[in-house]
Amino acid sequence: MVGNIRWVLVRRRLSTVAWHLIALIGALAMILPLVWMISASLQTMAQVVSFPPSWIPNPFAWENYPAALTFLPFGLYFRNTLYVTAVVIVGDLMSNVLAAYGFARFRFWGRDLLFASLLSMLMLPGIVRLIPTYLLFHQLHWINTFAPLMVPAFFGSPFYLFLLRQFFLGIPDDLTDAARIDGCSELDILWRIVLPLAKPALATVAIFSFQASWNDFMGPMIFLTDERLRTVALGLHSFRGLPYMNSLYNQLMAASTVMVVPVLLVFAFFQRHFVQGVTLTGIRG
């Protein structure tokens with residue numbers, strides 16, 4: 001009997017170790033490109049093209065960063081990207097919070113059908129809407145402006161709407177009912193009760209919105225033609241398209257590293273809220 005119990009405990013420990021090894025291997029496989037990008041950004045071209053590859057720069061070529069960021073006006077590209085991203089985050093939070101609160105708290109005819117119709121838009125690829133969207137923005141004379149990148153955020157997103165609605169459904173009705181008895185309006189309830197409790201969900205939407213806008217390439221590529229309006233993603237594409245880019249590969253990796261750093265920092269600072277928000281939004285349907 002004792003031997004069987006010991007064997008069961010050993011099997012459980014071996015299973016735990018095996019799963020940890022699998023997770024570690026998967027994590028290493030995913031982080032390897034990032035490590036190579038950072039390593040190549042600090043190497044000379046002779047080290048980058050050497051075989052076998054050199055993972056540790058010797059010496060560290062720190063001059064790649066100022067050279068890469070001044071070769072093209074990346075300072076301007078970063079300002080453009082920060083401006084667009086900030087407006088998009090505000091638009092996504094404002095529009096989706098209001099719509100999600102309405103779907104979660106109000107009873108009206110056709111609510112579930114309307115919500116299902118909104119979710120069905122997730123199955124429609126963005127490339128299908130590209131031509132009619134371009135024609136619409138062309139008629140509005142918004143081509144070669146930031147408006148096509150920012151204005152749609154103020155009309156909601158089915159994915160963010162779903163996340164916030166699921167979280168709002170998990171907030172007890174007793175809290176909002178008590179606020180109504182005290183004379184609070186729906187906007188007061190949303191601002192004073194629901195939003196303070198929804199910080200994890202709001203952080204989740206903000207991170208997703210930041211990442212999508214910061215890394216967006218298709219939108220700026222289609223709607224922006226003026227070089228002064230380029231975003232970081234378009235700047236990297238321009239860098240990559242240079243005819244002599246093979247001799248500047250290390251500088252391209254330096255510029256790419258600088259572009260990735262803000263996304264990593266945002267996720268690092270808001271990781272706890274992000275994980276909590278993703279977990280809690282799926283509890284109640």
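Just so it is clear, the values below take in all heavy atoms, side chains as well, and ignore hydrogens, waters and symmetry mates.
Residues Val258 and Phe74 fail the side-chain proximity criterion, which asks for heavy atoms closer than 4.5 Å. No side-chain heavy atom of Leu149 sits less than 4.5 Å from a side-chain heavy atom of Val88. Contact annotation: the side chain of Leu34 approaches that of Ile38 to within less than 4.5 Å [non-hydrogen atoms, C-beta and beyond].
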**Message:** Applying side-chain contact (heavy atoms from CB on, under 4.5 Å) to Val87 and Phe154, what does each step give before you reach the verdict?
**Reply:** CA-CA 9 Å; Val87 175; Phe154 289 87; 3.8 Å; yes

Criterion side-chain contact (heavy atoms from CB on, under 4.5 Å) on Leu42 and Asn64, from CA distance to verdict: CA-CA 7 Å; Leu42 295 171; Asn64 290 339; 5.6 Å; no

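Across every non-hydrogen atom of Asn215 and Met259, the tightest pair is OD1-CE, 3.7 Å. The two residues Val263 and Gln211 come nearest to each other via the heavy atoms CG1-CG, 4.4 Å. Across Ala153 and Ser95, no two heavy atoms sit closer than the pair O-OG, 2.9 Å. Here the closest non-hydrogen pair linking Pro66 and Thr70 is O-OG1, 2.5 Å. Nearest heavy-atom pair, Met37 versus Ser256, reported as atom, atom and distance to 0.1 Å: SD-CB, 3.6 Å. Closest non-hydrogen pair, Ile193 versus Leu175, comes out as CD1-O, 3.9 Å.
Residues Phe115 and Leu122 fall within the same hydrophobic cluster, defined by Ile, Leu, Val, Met, Phe, Trp and Tyr side chains chained together at heavy-atom separations under 4.5 Å. Taken together through direct or relayed side-chain contacts under 4.5 Å among Ile, Leu, Val, Met, Phe, Trp and Tyr, Val261 and Val35 form part of one hydrophobic cluster. The hydrophobic cluster containing Tyr160 does not contain Met94, counting ILVMFWY residues as joined when their side-chain heavy atoms lie under 4.5 angstrom apart, directly or transitively. Using a 4.5 Å cut-off between side-chain heavy atoms of Ile, Leu, Val, Met, Phe, Trp and Tyr, with links allowed through other members, Leu161 and Ile171 fall into the same hydrophobic cluster. Follow the hydrophobic side-chain contacts under 4.5 Å out from Phe137 and you reach Phe155 in the same cluster.
Below 30°, between 30° and 60°, or above 60°: for Phe210 and Trp214 the angle between ring planes is below 30°, a parallel geometry.
Remark: side-chain polar atoms of Arg105 are paired, donor with acceptor, to backbone N or O of Phe168 under 3.5 angstrom. Between the side chain of His20 and the main chain of Thr16, a donor-acceptor pair closer than 3.5 Å is present. Proximity of a side-chain donor or acceptor of Thr133 to a complementary backbone N or O of Arg129 within less than 3.5 Å is detected. Side-chain atoms of Ser41 never come within 3.5 Å of backbone atoms of Met253 as a donor-acceptor pair (strictly under, hydrogens ignored). Looking only at distances, no side-chain donor or acceptor of Gln166 sits under 3.5 Å from a matching main-chain atom of Leu163. Formation of a donor-acceptor pair under 3.5 Å by the Asp226 side chain with backbone atoms of Arg228 is found in this model. In this structure, the side chain of Ser209 does not engage the main chain of Asp92 through any donor-acceptor pair within 3.5 Å. Between the side chain of Arg230 and the backbone N or O of Pro73, no donor-acceptor pair lies under 3.5 Å.
Crowding of Ile131 atom CD1: a count of heavy atoms from other residues, nucleotides or ligands under 6.0 Å not exceeding 12. The environment of Tyr83 atom OH is sparse: at most 12 non-hydrogen atoms of other residues, nucleotides or ligands sit within 6.0 angstrom. The local environment of CG in Leu24 is crowded, with over 12 non-hydrogen atoms from other residues, nucleotides or ligands closer than 6.0 Å. Annotation for Trp55: atom CH2 counts as buried by contact number, over 12 foreign heavy atoms lying within 6.0 Å. With a 6.0 Å radius and a threshold of 12 heavy atoms from other residues, nucleotides or ligands, Ile31 has its CD1 atom at or below the threshold. Heavy-atom contacts from other residues, nucleotides or ligands closer than 6.0 Å to CZ of Phe217 number more than 12. Within a 6.0 Å radius of CZ in Arg192, no more than 12 heavy atoms belonging to other residues, nucleotides or ligands are found. In Trp62, the CH2 atom is not crowded: 12 or fewer heavy atoms of neighbouring residues, nucleotides or ligands sit closer than 6.0 Å.
Between the CG atom in Asp177 and the SG atom in Cys184 there is a gap of 12.0 Å [rounded to 0.5 Å]. Considering CG of Leu190 and CG of Leu195, their distance stands at 4.0 Å, rounded to 0.5 Å. From Phe167, atom CZ reaches atom NZ of Lys199 across 11.0 Å, with rounding to the nearest 0.5 Å. Rounding to the nearest 0.5 angstrom, the gap separating the CG atom in Leu140 from the NE2 atom in His138 is 10.5 Å. The CG atom of Asp112 sits 10.5 Å away from the OG atom of Ser117 when rounded to the nearest 0.5 Å. Note that CG of Leu113 is 7.5 Å distant from CH2 of Trp109, once rounded to the nearest 0.5 Å.
Each of Leu69, Leu72, Thr231, Leu234 was checked for a side chain to side chain contact (heavy atoms under 4.5 Å, CB included) with Tyr77, and the lone residue meeting it is Leu72. Each of Leu114, Leu98, Leu164 was checked for a side chain to side chain contact (heavy atoms under 4.5 Å, CB included) with Phe103, and the lone residue meeting it is Leu114.
Checked by atom type, the side-chain pair Asn144/Thr225 shows a donor-acceptor distance below 3.5 Å.
Between Phe223 and Phe146, the distance separating the two ring centers is not shorter than 6.0 angstrom.
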